[in-house]
Each structure stands twice: as structure tokens, then as C-alpha cells.
Amino acid sequence: EDITPKFSVSLRTQLDFVTRRAFQRSIGDRYYLISQFVSVVIQSLVIGSLFYDLPTTTIGSFSRGSLSFFSLLFFTFLALTDMPSTFQRKEVVSKHVQLHFYYGSFETLAATCFDYTFKLFLVIVFTIILYFLAHLQYNGARFFIFLLFLSFYNFSMISLFSLTALISPTLGIANMLAGILLLGIAMYASYVIHLEDMHPWFVWIAYVNPAMFSMESILANELFNMKLDCTESIIPRGATYDDLPFTHRACAWPGSTLGNNYVRGQDYLESGLKYTYHHVWRNFGILIGYLCFYLFCSLFVAEFITPLY
């Protein structure tokens, strides 16, 4: 007897059906969507207020780095919140797949499309509020590059945690794996621990971490063409030394040059963080690669890996 799976509808019809169902199912859970939207608005207002009107100084450059890192970390946690919904629909989807209603990978792709769409909306809202409250560079190119990297980084995290949920038999195991991933993502983004300070045995984690490439690009995009005032970092300083010419004082900040009361942003990036603006679009290509890899793995697991439950 031929037991080859047979579908009564075409692949296009299957994809159209599960995509519309994914959007209707998610929109039907409006309280969850509203809570995510409210949390994004509140977080952007609070953090934007804490970093309100950042100065173009050496101390301000450190705050800009902290703000960039928080933005990435916030959307990492936000992507994690979608895992429970994956487990809620697993049993129904598994039954439908066994009855050959549609391919399991189509359901995963449809759910991912909605997640990408809704999270893009949240990223735009978050960026508009945070960017202008913090007074990051008021320049169209700088703004849209910030938005671009934050969006695609968020997409890669959505697919990574979707893959984590798909390979995990229970939500508890998925949360355990996600906790380990979160620790690695945060600690090895090359900001908390600089790349040259990482232990040689674990530095490879940074290179398989999309957060490292996004962090370098977002911060380099913000600082590379700035001239950072060094008044707050001059040594010696104080009333006693106000009349001392600057040729006899120094700026105590990475990237400073003797005799200048400012630090070029690109010098600070290269000396203090080992970042460079020339890597921005290279990093974007790497980020796209990770996104495609996570998405492909998610579709493969959804289609060919039999659940252990």
C-alpha cells in the first residue's frame, strides 16, 4: 500500500492558508500584543529619559555605547517571550501535519512572518522614541542604519529562539537552553568584555554571536564621524590648572592625541573597542547570514525532526 503523504491542496494554497491563520491567531490574542506594545513604549521612554540629550563628549560616548547595548539586549529578551506560544500550538500543529493538512515547515514560516512583521513595528516605535530622546545623531543615514541593524538583529533572535523551542521537548528545557544562550549573547557581544580581553578558549562564542556584529555596526555608525570634547577627561584639571596651556595637559581617554582637547570618534572606536566603521556593511552581510541559517534550521527541524512528546 502506498503511504506517501498526499495533500488535497497545492503548496501555494497551504502557505496562503497557514499564513492567514497565523496572522488571525496572533491578532486574536490582542492583549498579548497590546502588552508588548505598551512595554516597548514604556521602556523606550524610561531609557530615553535616563540617557536624555547625550553630550558629544568623551563621557557621552560611553553612554552612547551603553544605550546601544541596552537596545540590542532589550530585543533579545523580547524575542524570548514568543517561546511559550510556540509550545501552545505544537500539539495542534503536530496533529494537522500527521493528517497531511499542510507541511510543518509552512506553519513555522507563517508564524515567523507574523513575528517579523509585528516586531518590526515595535522596533520602529522603540527607535523613534529612544533615538530622539537620547539625542543620537540627527542624521537620516545614521538613524536608518541604527534602525536597520536593530531590526535584522531582532529577526535573527526571533528565529534563534524559535529554533530553540522547536528542538526542545518541553518548555522547561527550552527556557534552560534560552538562559544559556542569553548569557552567551550578553557577555560575548564584545562590549561587556572587550574582544582582546576574552579568554582564548571562549573567544569563538563572540564570532558566532550576532550581537557582536550588530553592536560594532550600531556604535561605529553613531561615533565614527564625531569629535568628542575632552574637557571632562583632561588631566590634570581643576581650578589650579585652568590657566595651564593644553600642551602641558593630556586627555585621559582611549584614542586621544597629544595636544588636542578632543578625541575623534573613529580613534576611540579603534583604540578603545577595536571597532571600525569599515566593518558596518560586512557585518550586515554576516547578520543576514545568521538570520538565514537560523531560519533554515527552524524550517528543517519543523519538517523533518519528530517531536519527543
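No experiment lies behind these values; they were computed from the predicted model shown. The figures here come from the full heavy-atom set of this structure, side chains too, leaving out hydrogens, waters and symmetry mates.
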- Query: Are any of the side-chain heavy atoms of M198 and I205 separated by less than 4.5 Å?
  - Reply: no

- Query: With D16, which residues qualify under salt bridge (Lys or Arg N to Asp or Glu O under 4.0 Å), at least two apart?
  - Reply: R20

- Task: Using the test salt bridge (Lys or Arg N to Asp or Glu O under 4.0 Å), find all partners of R264 that sit at least two apart in sequence or belong to another chain.
- Result: D267

- Partner residues of Y275 under the side-chain hydrogen bond (donor to acceptor under 3.5 Å, both in side chains) criterion, sequence neighbours left out: S190

- Message: Counting C-beta onward and ignoring hydrogens, is there a side-chain heavy-atom pair between L50 and I47 closer than 4.5 Å?
- Response: yes

- Query: Just how far is it from atom CG of L299 to atom OH of Y294, taken to the nearest 0.5 Å?
  - Reply: 15.0 Å

- Give the cluster check for L130 versus I124: same hydrophobic cluster or not, with ILVMFWY residues linked at side-chain heavy-atom distances below 4.5 Å. yes

- Can you find a heavy atom in the side chain of L273 that is under 4.5 Å from one in the side chain of H194? yes

- Task: Quick one: closest heavy-atom pair of M83 and A174, and the distance?
- Result: CE-O, 3.7 Å

- Note on the structure: Scanning both residues in full, the closest heavy-atom pair of L73 with A186 reads CD1-CB, 3.8 Å

- Would you check, one step at a time, whether the test ring-ring contact (aromatic ring centres under 6.0 Å, His included) holds for F132 with Y138? CA-CA 8 Å; F132 292 103; Y138 287 178; 5.5 Å; yes

- For D229, all residues meeting salt bridge (Lys or Arg N to Asp or Glu O under 4.0 Å), sequence neighbours excluded: none

- CZ/F293 to CZ/F300 distance, rounded to the nearest 0.5 angstrom? 11.0 Å

- Item | V40 reachable from L136 in the ILVMFWY side-chain graph, under 4.5 Å edges | yes

- Note on the structure: For residues 8-45, the ring-ring contact (aromatic ring centres under 6.0 Å, His included) pairs (sequence neighbours left out) are F23-F114, F37-F121

- Query: Which residues pass the side-chain hydrogen bond (donor to acceptor under 3.5 Å, both in side chains) test with S271, sequence neighbours left out?
  - Reply: none

- Message: If hydrophobic clusters are built from ILVMFWY residues whose side chains come within less than 4.5 Å, do V123 and V125 share one?
- Response: yes

- Query: Are the aromatic rings of F149 and Y153 close, with centres under 6.0 Å apart?
  - Reply: no

- Query: With E107, which residues qualify under salt bridge (Lys or Arg N to Asp or Glu O under 4.0 Å), at least two apart?
  - Reply: R21, R25, R89

- Which heavy-atom pair separates K90 from L166 by the least distance, and what is that distance? NZ-O, 3.8 Å

- Task: Starting at CG of L182, measure out to CE of M157 and round the result to the nearest 0.5 Å.
- Result: 9.0 Å

- Message: Donor-acceptor pair, distance only, cut-off 3.5 Å: does the side chain of S61 make one with the backbone of T58?
- Response: yes

- Task: Could you list the residues that satisfy side-chain hydrogen bond (donor to acceptor under 3.5 Å, both in side chains) with E303, not counting sequence neighbours?
- Result: S105

- Message: To check you understand the geometry: which heavy-atom pair defines the closest contact between R64 and L223, and what is its length?
- Response: CD-CD2, 3.7 Å

- Note on the structure: By ring pair (Phe, Tyr, Trp, His ring centres under 6.0 Å), F126 pairs with (sequence neighbours left out) F74, F75

- Query: Within a strict 4.5 Å, meaning less than it, do heavy atoms of the V92 and K95 side chains meet?
  - Reply: no

- Kindly determine whether L287 and S156 satisfy side-chain contact (heavy atoms from CB on, under 4.5 Å), including the steps that lead there. CA-CA 8 Å; L287 191 60; S156 67; 4.2 Å; yes

- Do N209 and Y290 come close enough that some side-chain heavy atom pair is under 4.5 Å? no

- Task: Take L269 and F224 through the test side-chain contact (heavy atoms from CB on, under 4.5 Å) and record every step on the way to the result.
- Result: CA-CA 7 Å; L269 290 168; F224 85 100; 4.2 Å; yes

- Message: Membership question, hydrophobic clusters at under 4.5 Å side-chain separation (ILVMFWY): are F296 and L291 in the same one?
- Response: no

- Item | CA sep, side-chain torsions, deciding dist, call: I185, L160, side-chain contact (heavy atoms from CB on, under 4.5 Å) | CA-CA 11 Å; I185 289 168; L160 175 61; 4.2 Å; yes

- For F155, which residues count as a ring pair (Phe, Tyr, Trp, His ring centres under 6.0 Å) partner, sequence neighbours excluded? Y116, F152

- Message: Within the 4.5 Å heavy-atom criterion, are V97 and Y102 side-chain neighbours or not?
- Response: yes

- Same hydrophobic cluster for V192 and F202, using side-chain heavy-atom links shorter than 4.5 Å among ILVMFWY? yes

- Would you mind reporting whether Y191 and S68 have side-chain heavy atoms less than 4.5 Å apart? no

- Query: So, T57 side chain and G60 main chain: donor-acceptor pair closer than 3.5 Å or not?
  - Reply: yes

- Item | Spacing of OH belonging to Y277 relative to CG belonging to N283, to within rounding of 0.5 Å | 12.0 Å

- Task: Apply side-chain hydrogen bond (donor to acceptor under 3.5 Å, both in side chains) to the pair Q36 and T81, showing each step before the final yes or no.
- Result: CA-CA 9 Å; Q36 283 206 329; T81 61; 2.9 Å; yes

- Item | With F143, the side chain to side chain contact (heavy atoms under 4.5 Å, CB included) member among I128, N221, L148 | I128

- For atom CZ of F62, is the number of surrounding heavy atoms from other residues, nucleotides or ligands below 6.0 Å larger than 12? no

- Task: Answer yes or no: is there a side-chain heavy-atom contact under 4.5 Å between E222 and L67?
- Result: no

- Query: Can you name the nearest heavy-atom pair linking A79 to N154, along with the distance?
  - Reply: CB-OD1, 4.3 Å

- What residues, two or more places apart in sequence or in another chain, satisfy ring pair (Phe, Tyr, Trp, His ring centres under 6.0 Å) together with W281? F284

- Note on the structure: Here the disulfide (SG to SG under 2.5 Å) pairs for residues 173-240, sequence neighbours left out, are C230-C251

- Task: Please test L147 against Y131 for side-chain contact (heavy atoms from CB on, under 4.5 Å), starting from the C-alpha separation and ending with a verdict.
- Result: CA-CA 10 Å; L147 178 62; Y131 195 94; over 6 Å; no

- Message: For a quick test of reading the model, state the closest non-hydrogen atom pair linking T76 to L72 and the distance between them.
- Response: OG1-O, 2.8 Å

- Message: Taking atom NE2 as the centre, does H199 end up with more than 12 heavy-atom neighbours from other residues, nucleotides or ligands that are less than 6.0 angstrom away?
- Response: yes

- Item | Greater than 12 external heavy atoms within 6.0 Å of K227's NZ | no

